[in-house]
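What follows is a single structure, written as structure tokens, with notes after it.
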Amino acid sequence: FKESAIYHAKDKASLESVLKKAKLIDGSQHSMTEYALPKREIFAKRLEFIVGNDDLGVVKTGDEMIRYGEVKINADTCTLCLSCVGSCNVSALVADKKTNSILFNPSICTACGYCELSCAEKNTISLDVGKIALKPEFFVYSELAHDELFACVECGKEFATKKAVEKIASIMQPRFGNDRAKIKSLYCCADCKAKIMVQAQLNAMKEDLLNKIEDLYDLDKHQEIIDMIEALPTEQLNNELIGQLARAYNNIQNYKKAIELLKSIEIEEGNTMRWNYRIGYSYYYLDEYEKAEECFLKAHEIKPEDDEIKTYLLNIYIELSKKVINENTDDSQETQDKAVAYALKSKEYITTNDDKIQCDSYLAWLYDKIGACDVAEELLRSVISAGRDDAWVHSELGYCLTELNKLEEALEHYFRAKELGRSDIWINSQIGWTYRLLEKYEEALEVNLKTQELGQNDAWINIEIGICYKELEKYE
């Protein structure tokens, strides 16, 4: 300011003289609150005022007792773990939570080096010691490193920097191998990390329990499965275990109990294939075929490629057809049409040759019953061509051919049925009747008498025997 700032006075007179000369120098005033500030910070404030907006160069301290340092951080390798901030005891390094960054003020750094020592990353923090830069930037905080926050993959809460999470994950993930829960926990906040690991432990216990259940299932030890699951505390039961319990009850033929259990989880599981399969199974063996149909159709809709579901639907429609016949003895056209419609519906779920044989065999029986013997004949021949060769199919075809007046051929199939082990009253009476229709009265009489010996002694057999005697002129 090119003004005298210091005056000397050795006595009262000279003091009065210099006081008259002393005056305020404009722009030289600087006031600050120094209470509770460290000496270095007080000095920095005063020095900052003197420097102002100028760049006055660099001063080397040169004294070990007066140390300054400039911290530099490699932003590419810094994970913002904040260990350097925690180790700085003069707050030269601070964390800015708003910008997720590390800030540094060199004017209050004592160059202690703790930040460099505490850094977990190699070649990330360096310290340039012994310089004071007399420029404005030296006295304010500036950003050294920055990163965005990472959100917990479970709850979405931001809990750490992205680089820190990725760094830890790169170290730990190879050690965790294929443990999905542990790997996921690397990307979770502390709260969710604990929940995930506890849940993983519970899942492991559940998996072990389910494996034991499957082992017992393979051994047909279904009551042991029931005992094991019912011994668990209620809070450990979940939908899967309740479903397994219902399956076990199905397998000991306690279908009503199985339905009760499955109904308890219907809201959560009612749209799954497994739930519909299991409750459909229960209804099927309780002969509640309409309800079984509804459930298996839903299961089929969810998993249309499942052959076992198709087999149940095939059998359900055959049983529904039988039910129509059994419950309606009037043999009306409506009854016949409904029974046939169910039987034809069963053919939609054929998956194997055996399925085709089963459906066509039942349809043939049904057509025989309602008098459509020509259709029945065609189906029975198809069944035999497909590989069915048992007493039933030959008996049925023999009956059908008899009704169609193909008597010689009918006898061939009756005798084939006998070869395959059928020797009851029905087969003998049919053979006797067919012989009589062929006017082979000697053969007819022999077979009819044998039928009578087997226990049939009703009006019909006696009439047949009487006709044979008459035609053989044995009137007595």
Quick one, Trp392 and Ser361 - any side-chain contact, counting heavy atoms below 4.5 Å? yes
Answer yes or no: is there a donor N or O on one side and an acceptor on the other, between the side chain of Asn100 and the main chain of Asp96, under 3.5 Å? no
Could you check whether Arg381 pairs with Glu377 (Lys NZ or Arg NE/NH1/NH2 to Asp/Glu carboxylate O, under 4.0 Å)? yes
Do the side chain of Asp360 and the main chain of Val383 share a donor and acceptor less than 3.5 angstrom apart? no
Taking atom CD of Glu137 as the centre, report whether more than 12 heavy atoms of other residues, nucleotides or ligands fall under 6.0 Å from it. yes
Short question: side chain of Asp147, backbone of Lys163 - any donor-acceptor pair under 3.5 Å? yes
Is the shortest heavy-atom distance from the side chain of Cys78 to the side chain of Ile102 under 4.5 Å? yes
Is a side-chain N or O of Ser321 found less than 3.5 angstrom from the main chain of Ala339, in a donor-acceptor match? yes
I'd like to know if the side chain of Tyr362 reaches the main chain of Lys322, judged simply by a donor and an acceptor atom lying under 3.5 Å from each other, with no hydrogens or angles considered. yes
Donor-acceptor check, side chain of Thr124 to backbone of Ala120, threshold 3.5 angstrom: yes or no? no
Counting neighbours of CE on Met205 that are heavy atoms of other residues, nucleotides or ligands and sit closer than 6.0 Å, is the number greater than 12? no
Examine Phe296 together with Tyr277 and report whether their ring centres are nearer than 6.0 Å. yes
Is the Tyr283-Tyr289 ring centre distance short of 6.0 angstrom? no
Within 6.0 Å of CZ in Phe159, more than 12 heavy atoms from elsewhere: yes
Under the 3.5 angstrom rule, does the side chain of Asp355 hit a backbone N or O of Thr352 as a donor-acceptor pair? yes
With Arg278 as the cation and Tyr249 as the aromatic partner, state whether NZ or CZ is under 6.0 Å from the six-membered ring centre and within 45° of the axis. no
Glu121 versus Thr79: any side-chain heavy-atom pair under 4.5 Å? yes
Verdict with supporting geometry, Lys184 and Glu154, salt bridge (charged side-chain N to carboxylate O under 4.0 Å, His left out): CA-CA 9 Å; Lys184 184 178 181 181; Glu154 188 72 9; 2.7 Å; yes
Apply salt bridge (charged side-chain N to carboxylate O under 4.0 Å, His left out) to Asp390 and Arg388, showing your working. CA-CA 6 Å; Asp390 57 23; Arg388 183 168 187 179; 2.7 Å; yes
When you check the gap from the basic side-chain N to the acidic O, do Lys356 and Glu348 get nearer than 4.0 Å? no
State, to 0.1 Å, how close Ala376 and Cys400 come at their nearest heavy-atom pair, and which atoms those are. CB-SG, 4.0 Å
Side-chain contact test, heavy atoms from C-beta onward, threshold under 4.5 Å: evaluate it for Thr61 versus Val129 and give yes or no. no
So do the side chains of Leu93 and Asn105 get within less than 4.5 Å of each other, counting heavy atoms only? no
Salt-bridge criterion met for Lys263 and Glu266 (N-O under 4.0 Å): yes
Shortest non-hydrogen contact between Cys155 and Cys152, atoms and distance: N-SG, 3.4 Å
Under a 3.5 Å distance rule, please check whether Ser346 uses its side chain to pair with a backbone N or O of Leu344 as donor and acceptor. no
Side chains of Asp227 and Gln223: any donor to acceptor distance under 3.5 Å? yes
So Tyr312 and Tyr285, would you call those rings parallel, tilted or perpendicular, with 30° and 60° as cut-offs? perpendicular
Does Lys212 pair with Asp208 as a salt bridge, N-O distance under 4.0 Å? yes
Ion pair present between Lys323 and Glu290, side-chain N to carboxylate O less than 4.0 angstrom? yes
Does the side chain of Gln199 pick up a donor-acceptor pair with the side chain of Asn203 at under 3.5 Å? yes
More than 12 non-hydrogen atoms from neighbouring residues, nucleotides or ligands closer than 6.0 Å to CG on Asn123, yes or no? no
Run Tyr68 and Arg40 through side-chain contact (heavy atoms from CB on, under 4.5 Å) and show every step you take. CA-CA 10 Å; Tyr68 281 87; Arg40 182 167 292 246; 3.2 Å; yes
Taking Leu262's backbone N and O only, do any of them form a donor-acceptor pair with Trp275's side chain (distance below 3.5 Å, no angle check)? yes
Run the numbers on Ser264 and Ile242 for side-chain contact (heavy atoms from CB on, under 4.5 Å), then give the verdict. CA-CA 9 Å; Ser264 73; Ile242 292 171; 4.0 Å; yes
Report yes or no: does His300 contribute a side-chain atom to a donor-acceptor pair with the main-chain N or O of Lys310 at less than 3.5 Å? no
On a heavy-atom basis, the closest approach of Gly280 and Cys295 is CA-CB, 3.6 Å
Heavy-atom distance under 4.5 Å between the side chains of Leu202 and Lys206, does that happen here? no
Heavy-atom nearest pair, Met273 first then Ala299, reads CG-O, 3.7 Å
Under 3.5 Å side-chain donor-acceptor pair for Asn250 and His222: no
Is the number of heavy atoms from other residues, nucleotides or ligands within 6.0 Å of NZ (Lys347) greater than 12? yes
Closest non-hydrogen atoms of Gly156 and Ala151, given as atom of the first, atom of the second and distance, are O-CB, 3.6 Å
side-chain contact (heavy atoms from CB on, under 4.5 Å) between Leu186 and Gln173, intermediate numbers included: CA-CA 8 Å; Leu186 294 172; Gln173 190 163 334; 4.2 Å; yes
Just by distance, no angles: are the side chains of Asn315 and Glu319 close enough, under 3.5 Å, to form a donor-acceptor pair? no
Do NZ/NE/NH1/NH2 and the carboxylate oxygens of Arg274 and Glu269 come within less than 4.0 Å? no
side-chain contact (heavy atoms from CB on, under 4.5 Å) between Leu47 and Ile132: does it pass, once the steps are laid out? CA-CA 10 Å; Leu47 188 58; Ile132 299 176; 4.1 Å; yes
Looking only at heavy atoms, which two atoms of Val324 and Thr335 are closest? And how far apart? CG1-O, 3.5 Å
Verdict with reasoning, Lys291 to Glu288, per salt bridge (charged side-chain N to carboxylate O under 4.0 Å, His left out): CA-CA 6 Å; Lys291 291 181 180 179; Glu288 296 185 37; 3.4 Å; yes
Crowding at CD1, Ile267 (>12 non-hydrogen neighbours, <6.0 Å): no
Lys157 with Asp191: basic N within carboxylate O range, under 4.0 Å: yes
Applying side-chain hydrogen bond (donor to acceptor under 3.5 Å, both in side chains) to Asp354 and Gln358, what does each step give before you reach the verdict? CA-CA 6 Å; Asp354 287 345; Gln358 181 185 359; over 6 Å; no
Side-chain contact test, heavy atoms from C-beta onward, threshold under 4.5 Å: evaluate it for Val153 versus Cys188 and give yes or no. yes
Mind running salt bridge (charged side-chain N to carboxylate O under 4.0 Å, His left out) on Lys345 and Glu293 for me, showing each step along the way? CA-CA 12 Å; Lys345 186 76 174 173; Glu293 176 197 14; over 6 Å; no
Which one of Ile357, Leu380, Leu420 satisfies the side chain to side chain contact (heavy atoms under 4.5 Å, CB included) criterion with Val393? Leu380
Could you tell me whether the side chain of Leu19 reaches within less than 4.5 Å of the side chain of Tyr7, counting heavy atoms only? no
